[in-house]
Structures are given as structure tokens and as C-alpha cells.
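Report on the structure given below.
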2 protein chains.
Amino acid sequence: MTSHRPTSQPDSTDQPFASASGKAGSGKGVQRQDEIYRAISDAVIEHRLKPGARLREDALAEVFGISRTGIRKVLQRLALEQLVTLTPGKGASVTRPSAEEAREVFEARRLVESGLLAMLTRRITADELKELRALAGEEQQALQEHEQSVAIKLSAAFHNRLAALAGNQTLARFVDQLCSRSSLILAVYGHAGNLGCECSDHNQLVDLLQAGESEQAAIFMCRHLDSIEASLSIDDAPEEAPDLRDIFSAYQ
Amino acid sequence: MTSHRPTSQPDSTDQPFASASGKAGSGKGVQRQDEIYRAISDAVIEHRLKPGARLREDALAEVFGISRTGIRKVLQRLALEQLVTLTPGKGASVTRPSAEEAREVFEARRLVESGLLAMLTRRITADELKELRALAGEEQQALQEHEQSVAIKLSAAFHNRLAALAGNQTLARFVDQLCSRSSLILAVYGHAGNLGCECSDHNQLVDLLQAGESEQAAIFMCRHLDSIEASLSIDDAPEEAPDLRDIFSAYQ
DNA sequence: TTGGGCGCTATTGTATACATTTCGGGGTGA
DNA sequence: TCACCCCGAAATGTATACAATAGCGCCCAA
């Protein structure tokens, strides 16, 4: 009964946006898989799927109305971006970043994002500044309305857009990945009500950009990321491998 | 007759190092796929597979003695690292980087690698310096013996090792990818005898590292990468999409 | 002889079947 | 009562079968 499709009944009702015919169809297929990728990715970034959550292929295949083949492709992609971890013989689960990984991600972001800001001050336009301000505003509003998952996504969107505007897609994609992983790190090491980014930081950053203070903006970005990292409680092995021998050594 | 396996006869003779049983075997399977990944990746980096070369799934499956399923996994991974391009309905081919892409890769490398050097001067040990010198020496030797493909790989290995020693695996992996893509860029836009890296540059870089001149080392790295980029002949559309409308505009 | 339509072959895209591994339960023996 | 082993269910890993598509040459007509 593992069959993910009743075969006697079309499942168009299961997933209203499932690729109509249910059979092959290459052109649309990749598009569909892209949707699924984004769906899972968003769920992870918005903390609807928490680190450690198992992602069974059969279950996902049934939910999205495609076969395991397509799901595996999506999972592999997510694994290469380190959003999910693929343990051989065990399956996929949402990545639970290690403390070391967290340190690395923020170090990388400081290096890359501050560098991007320097490039950005030379080429940004008034319209783009306005767009960034709008994003920062939306984020702040979501935060005030306690829409945490929306705020998390908008915060990442701000950083992403910043990277994209610097005119280097390669770096922008890297920043995208780092932002996604940051969201995972926040999920593991962040405190409950803490979004990571301070409310007003992004607006101040836009101010510096507008003033053309590239040095100051870069420094501010480093501080911004530092403060996020500092707000985390990163202890080396929080829960992932409770060493009972060590914990109960007094009773042995 | 497209069947890539006679089915009546075990093909263990086709590939002496093919995963023994020829059937399933998860634990070893991923290891095997990793080998295949590296085999193709190396071939691309060493210019044995040139940009634009088609990579048919059946052919690869037969060569490596596994089914198309495994090959597709490897190709997808290569595609995400932008070493191969996956055109829907058409298949895989070695990526032919655009001029814009080339610019981006070198810009990214300048930013990241110079930043890594700054981190590196604070933590590098004498042994590690010796190792880097050895790598630079090997590279120079290969270059003198006109072993171009070996030299290319060693050059990338030098930059990779540099990144790894900085103690940030996330950034090191990114640099790895950028180096691989650089090799592709050299294959398309580089001149025949030009390796990219100047012979003595890497040695000089180690000198600066050893002296603890982090600022100077970072500047030198930027210049180093600049000179590689400058040695390329990047014209916007060399051969990939000859815009006939533009070329023959006088006749229209 | 050329231009356009058509069918064929080669190749990719997707689904499914089967082998293998892992994890948990229960039973047996010391 | 505890430890160990074996077995079975569930899930993954791999291969193969089948459907659809793209490329290409052929044929036919003007």
C-alpha cells in the first residue's frame, strides 16, 4: 500500500496545481519540480519545517503528486545547497547546522556582503534604493504584526536583493544560499522571539547606501551580521548527540 | 538495440572497477558515484572535455558501468556547480561560460580570495607554508614540462588549498567551484599556451604570507587575478551565438 | 531544384519494479 | 532479567520499462 496514487481515481483533487496529465511532459516537468523545490525551500526557511525533520520520499511524492524520481531530484538539489542532509540508507532530513557551520556561514557573509556593498554604492540607482526601502518597511511591518515566518523571508529577501543589485549573479546566488542557511541556524540557535536582524538596521543600511558612504556601509553590514551572530546561543553540542556517558558520569 | 547492457551476460569485465555486484548496494554506491563525479569533473577542469562537448547519458552509463539513474545524479550535481549545462529535452553538455559569467567569476574570486588571505595570515603555520610552496613548485615544474593539463589542475589545487587553510569550509567550497569555472573560462577565452597563472606569482604570494604581510598579500592576489583576467580575450559573443542579423545588417 | 511537411530514430523525462538496507519487536537462552 | 539474535516491516538505492520530445533526413510537390 505504499503506492502513492490510487490509479483507479485521478488525483487532480489532491493537488489542484499538479501537472495536469499526471504523466510525462518534459517541458512542464522541470517547471513543476522547480515549484516543489521552492515549496520545500520556503517551508524550511520559514521554519515550518524544523531542523532535523525527516523528509520521506514517499510522503513528499504523494503530497506533490509526482513519483519518487522527481522528489529525489529536488532533494538532491536541496542537499547540495545544504538545506537538507542526505544520509545514505537513511534518507533526507532538514539540516541541523553545527556550531562550526554557523560560524562559517556568518564569517562568509561578513566577507561577501560587505564587499558587495562597496560595489553597490557605485552603481545603485534611486529606484533601487526605493525598492530596498520598501522591502525593509515590509519586513518591519511583518515583525510588528508578529508574522515571524513572513518577516524571516522578507529579511532574507532584503539581503538577497542587495546582492542581486550588485550586478554579480554568481555572488548573489552564493549570498542566497548563505541567507537560507542562516535561517536554519536561527532556527537551531536563535531565541524564540528573535528574528535575527534588528528592526531598524536595514533602514539604516539604506541610508548609508544613499549617502554613498561605501566604507561606512560595509562596516555597518559587518556589525549587523556580528550582532545577529552574537544574539545566538551557540554551544557546541546542544542536543544533537547527547553523550549520556558524560551527562550521567556522576552516577556511574 | 539501445539497451546498454546485454542482460544475458554480467558486465563486470567492461569496467574492472565497477561496483562489484553490478546490482544495488547503497553504501558503496554513493562512493562510486563520487568517483564518477570526480572523473568527469577532472576531465572538464583539465580540458580533456572541452566546453560545448555533449555528455550523453547512455554513453556515460556504459563507460562507467552503471545505469542512467546514477549518471543523471552526477550530471545534476555538476550542473548545480555550473560545470555542465542541462538543457531540458536536449541533455547535458560542458558549460560554455559567457563573457558576463567570466567577469563575475573573477570579480567573485578577487573579493573572496583576497579576503581569505587576510584571514589566513593570522593562522597559517610553517608546515602549511611549506606545503603551499611544494604545490607551487610542482605547478611550475609541470608548466616547464609543458604538461598543461597537470599544471591547470595544480594551479587550481593551489588556490583551493589556500582557501581550505583559512579554516572556513563553506568559503573553501565556493572557491573550489570558482576555480573549476575559471578553468572552463580559460578553455574558452584563453590563448593556447597561456595557463592563466603566471609562473612565479604563487611563490611570491607564499613569500608575502610568510612575511605576515596580509594587506600586501591581499593586494597581490587581486593583481594576480586581474592579470589572469586581462590575459583573456573576452569578446562578447565569440562563437556561441553568432548573431546573423547583426553581422549581415548591411545586407538587410 | 528548392521548399515545406512528415515520419523516423535517437535521446531524454518519468514512473515503476525490484534488491538492499535499516530499524524495531519479540523470542530464546543463559 | 538482561543480552543477543533473528525476523519482518518500512524506506531507500538502483535499474529498467515506457512515454514524449527533439533532430534529421526523406519524400513529394511546385
Side-chain angles (χ1 to χ4, degrees), chain A residues 1-8 10-11 14-15 18-37 53-79 84-93, chain B residues 1-12 14-15 18-37 53-79 84-93:
Chain A
M1 261 298 237
T2 66
S3 144
H4 48 77
R5 185 171 295 188
T7 66
S8 59
D11 61 348
D14 291 336
Q15 278 296 319
S19 110
S21 70
K23 287 275 185 165
S26 68
K28 315 269 181 164
V30 288
Q31 199 173 346
R32 173 77 182 127
Q33 286 176 355
D34 234 55
E35 277 177 49
I36 297 173
Y37 163 79
R54 290 209 46 193
L55 301 171
R56 289 191 308 104
E57 298 178 353
D58 274 343
L60 289 172
E62 193 171 5
V63 167
F64 290 109
I66 67 172
S67 79
R68 277 177 53 212
T69 307
I71 293 294
R72 289 181 68 93
K73 204 148 83 172
V74 172
L75 286 178
Q76 209 205 338
R77 178 171 167 194
L78 288 163
V84 316
T85 300
L86 237 49
T87 312
K90 180 88 187 304
S93 61
Chain B
M1 261 300 236
T2 65
S3 146
H4 48 76
R5 186 172 295 189
T7 66
S8 59
Q9 186 174 0
D11 60 348
S12 56
D14 290 339
Q15 277 296 315
S19 117
S21 70
K23 287 276 185 164
S26 70
K28 316 266 182 168
V30 287
Q31 198 173 346
R32 173 76 182 131
Q33 286 177 355
D34 235 55
E35 278 177 48
I36 297 173
Y37 163 79
R54 289 209 49 192
L55 301 171
R56 289 193 305 106
E57 298 178 352
D58 273 342
L60 290 172
E62 194 170 4
V63 166
F64 290 108
I66 66 171
S67 79
R68 277 176 52 210
T69 308
I71 293 294
R72 288 181 70 91
K73 206 150 81 174
V74 172
L75 286 178
Q76 208 205 339
R77 178 171 166 192
L78 288 163
V84 316
T85 301
L86 238 48
T87 312
K90 178 87 186 303
S93 61

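The structure displayed is predicted, hence computed values, not measured ones. Residue numbering restarts at 1 for every chain, and letters A, B, ... go by the order of the sequence lines.
- OP1 or OP2 of D:dT14 lies within a sub-4.0 Å distance of a side-chain N or O belonging to B:K73.
- Between the CD atom of A:Q31 and the P atom of C:dG13 there is a distance of 15 Å, rounded to whole Å.
- For A:R77, the side chain to side chain contact (heavy atoms under 4.5 Å, CB included) partners are A:D34, A:Y37, A:E81, B:Q76, B:L80, not counting sequence neighbours.
- Comparing the axis of the opening five pairs of the helix from C:dT1-D:dA30 to C:dA30-D:dT1 with that of the closing five pairs yields an angle of 10°, rounded to 10°.
- For the pair B:R54 and C:dT12, the criterion of a side-chain N or O lying under 4.0 Å from OP1 or OP2 is met.
- Note on A:T69: every side-chain N or O is 4.0 Å or more away from OP1 and OP2 of C:dT14.
- The nearest whole Å value for the distance from the CG atom in B:L55 to the P atom in C:dA10 is 20 Å.
- For the pair B:E57 CD and C:dG13 C1', the computed distance is 9 Å after rounding to whole Å.
- Closest of all the heavy-atom pairs between B:R68 and B:D58 is CD-OD1, 3.2 Å.
- Minimum interatomic distance between A:S67 and A:A61 (heavy atoms only, all atoms of both residues): C-CB, 4.0 Å.
- Put simply, B:R72 has a side-chain N or O that comes within less than 4.0 Å of OP1 or OP2 on C:dG13.
- Nearest heavy-atom pair, B:K73 versus A:R72, reported as atom, atom and distance to 0.1 Å: NZ-NH2, 3.9 Å.
- Atom C1' of nucleotide D:dA11 and atom CD1 of A:I71 are separated by 15 Å, given to the nearest angstrom.
- Phosphate contact (OP1/OP2 of C:dT12, side-chain N/O of B:R56, threshold under 4.0 Å): absent.
- Between the side chain of A:R32 and the base of C:dG13 there is no donor-acceptor pair of N/O atoms closer than 3.5 Å.
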Next on the checklist: As a quick check of understanding, evaluate side-chain contact (heavy atoms from CB on, under 4.5 Å) for A:V74 and A:L60, giving each step before the final call.
Outcome noted: CA-CA 10 Å; A:V74 172; A:L60 289 172; over 6 Å; no
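- Side-chain N/O atoms of A:Q33 include none lying less than 4.0 angstrom from OP1 or OP2 on C:dG13.
- As a whole-Å value, the separation of B:R68 CZ from C:dT14 C1' is 10 Å.
- What separates CG of A:D58 from P of C:dA15 is a distance of 13 Å, to the nearest Å.
- Here the side chain of A:R32 pairs a donor or acceptor atom with the backbone of A:F64 at under 3.5 angstrom.
- A straight line from CD of B:Q76 to P of C:dT12 spans 15 Å, rounded to a whole angstrom.
- The nearest whole Å value for the distance from the CD atom in A:E62 to the C1' atom in D:dA11 is 14 Å.
- Position along DNA chain C of the nearest nucleotide to A:K90 versus A:G70 favours A:G70 as the more 5'-ward residue.
- Scanning all heavy atoms of the two residues, the minimum distance from B:E57 to B:L75 falls at CG-CD1, 4.1 Å.
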